[in-house]
Structure formats: C-alpha cells, structure tokens
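Since the structure comes first, as structure tokens, the remarks are kept for the end.
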Amino acid sequence: MTSLIIHNPANDEKIAEVAADDAASVSGKAVRARLAQPGWAARPLAQRKACIARFHQGVVRDLESLAATMTRETGKPIKMSRNELNGLLARLDFFVAMVEPVTAVETVYDEPGMNERIEHLPLGVVGNISAWNYPWFVGCNVIVPALLTGNAVLYKPSEFATLTGLEIARLLHEAGVPEDVFVPLVGAGAVGAALLEEKLDGLFFTGSHATGARIAQTVGSRFMKLQLELGGKDPTYVCDDADPAAAAASLADGAMYNTGQSCCSVERIYVHEKIHDGFVAAFVATVKGFKTGDPMSQDTYIGPLTRAAQLEVLDAQVADAKAKGARLLTGGQRLPGPGNWYAPTVFSDVHHGMALMREESFGPIIGIQKVASDEEAVRLMNDTRYGLTAGVYTPNGERAQAVLSRVNAGSLYWNCCDRVSPRLPWSGFGDSGVGLTLSTYGIQAFTRPRAWHLKSAG
Ligand code: NAD
C-alpha cells in the first residue's frame, strides 16, 4: 500500500502519514460494501437512527479534538472549526427527525378493489467523493441521509481533509455502523477515479466544476444516480436604500469567512452608485480589521489557504484585474511563508472583462462594481455560467423579491449571505451542479421509489 502525507497549510509542516488505498483495495472494499448493504437496509429504521444519535453524541464529546484536527489539516481558523461542528449537530437532528416521514410507505390511491402505494428503497451502494472546505458539512450532507435510508457508503474524503474523514469513520463505527457499511477510502484524485470503476448505484460528488465534469463524462453511460455539487461565483447587490455600513459588515464576512473558501462565499458585489463610496469605505475598514494569523488562535479570522495551488489562481486574478484598470484598495499579494498565506484583497472599479468577476476565486479576494439601476444589477448577476446563491440588501421586501426572482441561482438571500439551512434544499443552477442535498428532498435523494399496484382478487 502507498501512503498519503498530510501537511499543515499554516506552516508546511508534515503532520501525518496515513496508509492510502489503491485500485485493488478500493475494489475489495466495494465488494464487501455490496455484501453488507442488504443487512444494513433490513435493520429497523430505529436502529439506524440510534446509530446517528450516538454519532451526534460522539461529535459533542470529541468536539475540541475534532476541531483541532480540522484546523491543523485545512488551516480553518479554530473558531470556525468549532462553528462547523456545532452547526453539524442541527443537521444530524434534522435528518434523524425527518427520515421516517420522508421514507414511510405512501398510499396514493385507495378505492374498493385497487390500492396504489409508493415504497422508498435505498439506492444500494453509493460513492461519495468530497471536498475539504467544510468536510463535516459536505460529508455528512451525503453520508448521514444515505446511511439512514439503508445505503452502504464508500466515502472518499478530500486528500486535504483526510484526518477529518477518518475521524468521521471512527465515530460512525463507534456508533454502531458496520465497517463494511461505511467505508472510508484514503487518497487523492486517483483513488476517486478508482472508485468510479466500481459498480455503484449512486455517485455523490462535491468539488470543483472541472472534476465534476470529468466524473460526469466517466460515469455518464453507466446509468447510476449522479449528483454534482460544484463551485459558484455568487453575486450580491446592495441597493441605494440599504444601510451601507451594515451591508458592508455582513458582506465582508460573507466574502472572507473561512478565508473565502466557501462554496457560497460572496464572490461579486454590485453596489448602487448612490451609496457606492460609503459602502466601499466601510467594507475596506471591516476587512482591514480582520486578524490574520495562526489558525489555532482564538481571535484569528483569516487563516492560510488550504491548497498552495490556489495562490497562483489569486495572483493571476490580481494581475489581470490590475492590468485592466481595477483599483486595489487593500491586499493584493501573498504574505510571507512558510504556509499558503494571502492578504485579504479588495478591488473596486472592476468589470466583467476581468477573471476576478467571472471565475471562482475561492480565496480572500473580492471585486466591487458600481451599478446605476436594479436592471443593470440583475443583468450582471446573471452574467455567469454558475448559479449557486445570490443576494440583495435593501429594507424593501418587494424590491428584493423583484430583483431576486429574476436571478438564476439555487439559493436566494435577502439581507443575508453565505448561509445554509438543513431545512432548505441546497442545489446549484447551471455549472454549479445537478441534484441537491439537505431538506426532505435531500433525504429522498438517497432512495429509489417503487410503485405497488394492489388489486384485490374477485
Ligand atoms: P476538487 O474537484 O479538486 O476535489 C474534490 C474531490 O474530487 C477530492 O476528493 C479529489 O480527490 C477528488 N478527485 C479529483 N480528481 C478526481 C478524479 N479524476 N476522479 C474522481 N475524483 C477526483 O475540489 P476541492 O478543491 O476539494 O473543493 C473545492 C471546490 O468544491 C470549489 O469549487 C467549491 O466551490 C466546491 N464546493 C461546492 C460545494 C457545494 O455544495 N456546491 C460545497 C463545497 C465545495
């Protein structure tokens, strides 16, 4: 077996070396999961729910060490690691509470002589190839409803969040999920690619558009259920009747939280010309107040980027924006290493000819563009191939409704941003993906409906 070396992105130090999978071990695990799945599905739902309830207790018990592990391997500031774990608990509770009503047999017609019912079967063995930026959230959005509904899961955490992935596996196994029913696969893209070669009934992917497109091509002719949760270039519009300081404080957080590495980070801001200058001043002041430093410190807000390669993406976007006339208001360069450090960066005077306003940045960088009307804002918000989230800031609910209802995005925010709710479906339009997680639809996604036509004899 090969091994995977894990580095701390805050200082480049090696923190672990773990045994990695190869194509042969992936195959063996897939065969064992296939054999184990029917027994898991045959258990009473109450037993599967009890496993997730014990998993919840394990996360609560180990929260501090789980947060520290996530911070060491991803660079996520420790407060945000704790936030993610605490936020996870409500998602677990939601899935446990809703799985029964969502998967109960439905009688949809019942007349003398004829009864029609829908039964919800598990898909079978599903693969989950996951991202590193919110490894507990994006992992458990798939893993937990998949297990609750009776599936076996082959889970390939990101190579940048492997220790967290192994902790998820440890806690699920401790909670009573059999080792062949929840199976972690360790490694980078090649291990994900090996998983695609196995017989699967569903493949649930969270990651970049480029990898998602490659996966869709690979499995396209195999007729397995495929969900892709991909990137975004999420816009927000600040209207002229908004409070510029309040909107700036909220949006600076939405753009820079988790060092800008959220799928729903605010990535483009349009501000009405009447309040543009005040907004920009307040935004830059807020960003300058963010503390950059050791992600293990309680008061750190900006940590390192998780992946060194993203520094080059940010360098290129900054150079392109400057060359095309954008105004750099703060940041704009790497910070001294070791580690993957980038100064929080704000540009104004940007336009859609710049990569900064078109391609996902996935870092602490933002462009702010002046607009003259709601019409112009809507046109620019829709000038993208992505469609994950979009927002508007205004005290006027009717105006917000009029703007947002014309924007192509899976989640719409009024006076808020960078927010996910377990009760609402999480899905992308356009190149942000296909399928969804969360909400009752995100439980049903792991089931296959079967139709029963029951005609009584005689
Ligand atoms: P990535 O595409 O680089 O990697 C994602 C996963 O795919 C990893 O586990 C990786 O090992 C695996 N992989 C890579 N090549 C593969 C291949 N050829 N076959 C199979 N698997 C392969 O993405 P990332 O850097 O981990 O995540 C960042 C991206 O994820 C951003 O674009 C972000 O917007 C997106 N994201 C989206 C959501 C959402 O809900 N829509 C949530 C979180 C992150």
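Each ligand, and each atom within it, is numbered from 1 in the order the structure gives. Remember, it's a predicted structure, so these values are computed and weren't measured experimentally.
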**Prompt:** What is the ring orientation for Tyr270 with His352, classed by angle as parallel under 30°, tilted 30 to 60°, or perpendicular over 60°?
**Reply:** tilted

**Message:** Heavy atom to atom 21 (N) of ligand 1, shortest distance: which of Gly410, Gly192, Gly165, Ala161 holds it?
**Reply:** Gly192

**Request:** Any atoms of ligand 1 less than 4.0 Å from a non-hydrogen atom of Glu159? List them with their elements.
**Result:** 8 (C), 9 (O), 10 (C), 11 (O)

**Asked** Less than 4.5 Å apart, any side-chain heavy atom of Asp93 and any of His56?
**Response** yes

**Fill in**
By ring pair (Phe, Tyr, Trp, His ring centres under 6.0 Å), Tyr393 pairs with (sequence neighbours left out) none

**Item:** Residue portion contacting ligand 1 (non-hydrogen atoms closer than 4.0 Å) for Phe362
**Value:** side chain

**Request:** Starting from atom 41 (N) of ligand 1, locate the nearest protein heavy atom and write down its residue, its atom name and how far away it is, to 0.1 Å.
**Result:** Leu230 O, 2.8 Å

**Asked** Hey, does Lys156 come in under 3.5 Å of ligand 1, counting only N/O atoms on both sides?
**Response** yes

**Item:** Heavy-atom nearest option to atom 2 (O) of ligand 1, drawn from Ser208, Ser265, Gly207
**Value:** Ser208

**Prompt:** Which ligand 1 atoms are under 4.0 Å away from a heavy-atom of Ile129?
**Reply:** 6 (C), 7 (O), 9 (O), 12 (C), 20 (C), 21 (N)

**Prompt:** Cation-pi between Arg327 and Phe347: NZ/CZ under 6.0 Å from ring centre and within 45° of the ring axis?
**Reply:** no

**Prompt:** What about Tyr386 and Phe429, are their ring centers closer than 6.0 Å?
**Reply:** no

**Asked** Taking only residues at least two apart or on different chains, which pairs with a member in residues 182-191 satisfy side-chain hydrogen bond (donor to acceptor under 3.5 Å, both in side chains)?
**Response** none

**Item:** Asn151 versus Thr149, side-chain donor and acceptor atoms under 3.5 Å
**Value:** yes

**Item:** Distance filter under 4.0 Å to Ser158 heavy atoms, resulting ligand 1 atoms
**Value:** 9 (O)

**Asked** Should you measure from each heavy atom of Asn133, which atoms of ligand 1 turn up under 4.0 Å away?
**Response** 43 (C), 44 (C)

**Fill in**
Note: ligand 1 atoms sitting under 4.0 Å from heavy atoms of Val138 are 42 (C), 43 (C)

**Complete:** Numbered in order shown, the ligand 1 atoms found under 4.0 Å of a heavy atom of Cys263 are 34 (O), 36 (N), 37 (C), 38 (C), 39 (C), 40 (O), 42 (C), 43 (C), 44 (C)

**Request:** Number the atoms of ligand 1 from 1 as they appear, then name those within less than 4.0 Å of a heavy atom of Trp132, with their elements.
**Result:** 24 (P), 25 (O), 26 (O), 27 (O)

**Message:** Against ligand 1, does Trp426 come closer than 4.0 Å with any heavy atom?
**Reply:** yes

**Asked** Among the heavy atoms of Gly428, does any lie under 4.0 Å from an atom of ligand 1?
**Response** no

**His209 N/O under 3.5 Å from ligand 1 N/O** = no

**Request:** Keeping the roles fixed (side chain from Asn86, backbone from Arg82), state whether a donor-acceptor pair exists under 3.5 Å.
**Result:** yes

**Asked** Heavy atom under 4.0 Å from ligand 1: found in Ala188's side chain, backbone, both, or neither?
**Response** backbone

**Request:** Would you mind finding which of Val420, Leu195, Leu388, Thr211 brings a heavy atom closest to atom 14 (C) of ligand 1?
**Result:** Thr211

**Request:** Could you pull out, from Ser130, Ala213, Pro157, Ala131, the option with a heavy atom nearest to atom 27 (O) of ligand 1?
**Result:** Ala131

**Request:** Give a yes/no verdict on whether any heavy atom in Phe160 is under 4.0 Å from an atom of ligand 1.
**Result:** no

**Asked** With backbone taken as N, CA, C and O and side chain as the heavy atoms from C-beta onward, which portion of Thr206 lies under 4.0 Å from ligand 1: side chain, backbone, both, or neither?
**Response** both

**Asked** Any idea which protein heavy atom is nearest atom 32 (O) of ligand 1, and the distance to it?
**Response** Glu360 OE1, 2.6 Å

**Prompt:** Does the N or O separation between Arg307 and ligand 1 drop below 3.5 Å for any pair?
**Reply:** yes

**Within reach of ligand 1, part of Tyr134 (heavy-atom separation under 4.0 Å)** = neither

**Prompt:** If we ignore angles and hydrogens, is there a donor and acceptor under 3.5 Å between the side chains of Ser262 and Tyr134?
**Reply:** yes

